[in-house]
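Quick notes on the structure that follows.
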Amino acid sequence: MHITTIGNANATAANAPVRGSSAASAESARIRSDVDAARNTALSALNNDRFRAMLEQISDPGASGALMTMSAENVVDFNTALSRYAENSK
């Protein structure tokens, strides 16, 4: 799987003009910062080999079929899981 970025992947929101009061400017700066952080996180995930491998696995039709058939009947509460872990660690 190869992912290509189209356009400028750098901080494009930082180049947007800011208008209005200082409160609006502070809010705009916060939003730009949040957008830049989200963009950097997404690009990091797309370039991460482990994430790519996981994405390939869950996009496989067989794997997605298995995920769909999983039910909530096998849900275990935290204390039960902790005690089973302790039993298996001995």
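Numbering of residues begins at 1 and proceeds along the displayed sequence.
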Decide whether D36 and S33 meet the rule of one side-chain donor and one side-chain acceptor closer than 3.5 Å. no

Just verifying a value: how many Å separate N79 CG and L82 CG, rounded to the nearest 0.5 Å?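 Taking CG in N79 and CG in L82, the distance rounds to 6.5 Å.
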
Hey, what do you get for CZ (R32) to CD (E27), rounding to the nearest 0.5 Å?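 Going from CZ on R32 over to CD on E27, the span is 10.5 Å.
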
Between S44 and N40 (side chain of the first, backbone of the second, donor and acceptor by atom type, cut-off under 3.5 Å), is there such a pair?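 Side chain of S44 to backbone of N40: no pair is present.
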
side-chain hydrogen bond (donor to acceptor under 3.5 Å, both in side chains) involving D34 - partner list, sequence neighbours excluded: R30

Side chain to side chain contact (heavy atoms under 4.5 Å, CB included) partners for T41, two or more places apart: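 With neighbours one apart ignored, the set is empty.
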
With sequence neighbours left out, write down each residue that passes side chain to side chain contact (heavy atoms under 4.5 Å, CB included) with D49, or none if nothing qualifies.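 Testing D49 for side chain to side chain contact (heavy atoms under 4.5 Å, CB included), a comparison that skips the adjacent residues, returns R52.
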
